[in-house]
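The next block holds one structure in the form of structure tokens; read it before the comments.
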Amino acid sequence: MITIFSGNFNLRQIADSGQCFRLKMLDDSQAYVIAGGRLLHIAEKGGGRLELSCNEAEYGSFWQDYFDMDSDYSVYIGAIDPGDDFLKKAAEFGRGIRILRQEPFETLISFIISQRKNIPAIQSSVEKLCRLCGKRIGEEAYAFPSPKALASLSEKELSDCSLGYRTPYVREAARRVEAGEADLDAMKKLSDEELYEELVSFYGVGKKVANCVMLFAYHRIGAFPVDVWIKRIEDGHYGGRFPVERYPGFAGVLQQYMFFYSRFEKER
DNA sequence: GTCCAGGGTAAGC
DNA sequence: GCTTACCATGGA
């Protein structure tokens with residue numbers, strides 16, 4: 001176990017931010033995260049102190065990058081237009097959110113599944129897939145399936161994970177990656193535009209899902225996914241379109257604050 | 001029972 | 001280029 005310190009880090013907020021479907025809260029300050037075939041326990045101890053159930057080497061080689069610990073989020077928040085009261089409130093409310101660096105394959109499949117589902121339903125489908133063909137890495141803990149494992153599932157097995165009409169989308173994406181027709185790792189070196197074009201070339205991946213994969217897997221924090229929640233905000237607060245050009249290269253971070261804030265607001 | 005969800009595709013204009 | 005019907009399912 002190691003102890004680290006971080007500002008702008010709140011487990012509950014990250015868990016509820018809709019970017020990751022494999023972060024499970026145990027109580028208000030503890031969680032399990034499954035990523036990269038690893039299982040991590042995190043506990044928040046107050047004052048920005050975090051206890052992680054890994055050693056220094058594993059932190060340095062994986063989790064530090066996963067949680068984007070080298071970025072200072074106060075810089076993004078500080079760049080917000082002082083006249084934009086809505087965005088200032090949203091950022092203040094969700095200031096513990098960080099943009100994770102998740103695995104491209106898991107993110108691609110998860111967000112293909114996400115279309116027209118609410119977050120609990122997405123988590124449920126992803127969990128079923130992992131239990132069905134992901135490697136067991138702990139008590140009741142399963143890694144996200146490999147492309148090979150996912151590509152070998154039958155249509156019925158996939159369908160039984162409540163994928164509905166998305167079943168062929170998932171199947172084809174897994175097959176294409178497994179066959180080497182798309183190299184998700186090699187795509188890391190592409191420009192934003194090239195990466196976007198590669199992603200939307202997947203059957204079942206459109207503008208919104210491609211932007212989510214860019215933001216949450218490839219850490220292209222300028223990507224700005226527009227779903228029904230963000231569209232509602234754009235219409236209600238920005239005359240139909242958020243001024244992404246005012247925040248060159250990091251509008252995606254602000255998008256997360258707004259998404260999280262608006263979902264909370266709706267709950268009351 | 002009804003409404004809605006981190007949308008995309010294909011067909012039609 | 002821009003609309004529109006249709007898609008399956010579960011959570012609230």
Side-chain angles (χ1 to χ4, degrees), chain A residues 12-25 90 93-94 97-100 102-104 106-132 153-174 176 182 196-238 240-242 244 251-268:
Chain A
R12 174 77 67 182
Q13 292 182 2
I14 294 170
D16 290 343
S17 69
Q19 59 176 308
C20 172
F21 307 109
R22 310 225 61 208
L23 202 165
K24 187 176 172 60
M25 298 301 295
F93 185 74
I97 296 172
R98 308 183 75 84
I99 309 294
L100 307 179
Q102 302 181 72
E103 287 194 311
E106 173 174 346
T107 310
L108 175 65
I109 299 297
S110 296
F111 279 92
I112 286 175
I113 292 171
S114 78
Q115 58 182 264
R116 299 279 297 206
K117 277 180 179 288
N118 55 30
I119 291 174
I122 301 165
Q123 287 172 332
S124 171
S125 277
V126 170
E127 184 63 26
K128 287 178 189 170
L129 276 180
C130 294
R131 285 178 181 274
L132 184 60
L153 293 181
S154 69
E155 200 161 311
K156 183 183 185 311
E157 286 174 316
L158 283 172
S159 185
D160 285 345
C161 294
S162 308
L163 300 191
Y165 64 88
R166 309 159 192 82
T167 296
Y169 299 163
V170 171
R171 231 178 160 204
E172 170 61 12
R176 195 169 150 191
Y196 176 83
E197 290 304 324
E198 279 295 307
L199 290 170
V200 294
S201 76
F202 278 90
Y203 180 44
V205 175
K207 185 175 183 177
K208 190 270 174 183
V209 170
N211 274 297
C212 282
V213 177
M214 290 180 69
L215 182 57
F216 303 136
Y218 293 93
H219 208 74
R220 307 300 173 96
I221 59 173
F224 192 85
V226 178
D227 70 334
V228 294
W229 296 92
I230 296 295
K231 188 61 199 158
R232 221 170 275 154
I233 291 168
E234 290 190 311
D235 291 342
H237 295 273
Y238 297 98
R241 197 182 73 82
F242 181 78
V244 289
V253 178
L254 309 179
Q255 188 268 10
Q256 278 304 94
Y257 295 140
M258 294 191 287
F259 176 78
F260 179 74
Y261 184 55
S262 71
R263 286 189 63 246
F264 172 82
E265 286 287 276
K266 201 216 166 188
E267 286 171 11
R268 48 212 234 100

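The structure displayed is predicted, hence computed values, not measured ones. Protein chains get the first letters and strands the later ones, always in sequence-line order, with residue 1 at the start of each.
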Residues in side-chain contact (heavy atoms from CB on, under 4.5 Å) contact with A/K24, at least two apart in sequence or another chain: none
Contacts of type ring pair (Phe, Tyr, Trp, His ring centres under 6.0 Å), residue A/F260, not counting sequence neighbours: A/F93
Sugar-phosphate only, base, or nothing, as touched by A/S110 at under 4.0 Å among non-hydrogen atoms: nothing
Gap between atoms NZ and C1', on A/K208 and B/dA5 respectively (whole Å): 10 Å
Student check: side-chain heavy atoms of A/I119 and A/D16 closer than 4.5 Å: no
Partners passing side-chain contact (heavy atoms from CB on, under 4.5 Å) against A/R171 (at least two apart in sequence or in another chain): A/E155, A/L158
Heavy-atom pair with the smallest gap, counting every atom of A/P104 and A/A217: CA-CB, 3.8 Å
Salt bridge (charged side-chain N to carboxylate O under 4.0 Å, His left out) pairs, two or more places apart, involving residues 203-226 of chain A: A/D192-A/R220
Nucleotide-resolved protein contact map, nucleotides 4-12 of chain C, B/S/- at heavy-atom distance under 4.0 Å: ---BBSBSS
Pairing residues for A/A210 by the side-chain contact (heavy atoms from CB on, under 4.5 Å) criterion, not counting sequence neighbours: A/Y196, A/L199, A/V200, A/V205
A/I109 CD1 to B/dG7 P, straight-line distance once rounded to whole Å: 17 Å
Set of residues satisfying ring pair (Phe, Tyr, Trp, His ring centres under 6.0 Å) with respect to A/F202, sequence neighbours excluded: none
Stretch residues 196-204 of chain A: residues that reach within less than 4.0 Å of DNA chain C through a heavy atom: none
Between P of B/dA5 and CD1 of A/I230, the distance in whole Å: 13 Å
Sugar-phosphate, base or nothing in reach of A/V226, heavy atoms under 4.0 Å: nothing
Sugar-phosphate, base or nothing in reach of A/Q256, heavy atoms under 4.0 Å: base
Gap in Å between the two P atoms, one belonging to B/dT9 and one to C/dG10, rounded: 23 Å
Pairs involving residues 114-128 of chain A, ordered by first then second residue, that meet salt bridge (charged side-chain N to carboxylate O under 4.0 Å, His left out) (sequence neighbours left out): A/R22-A/E127, A/E127-A/R131
Inter-nucleotide P distance (C/dG11, B/dG8), Å rounded: 22 Å
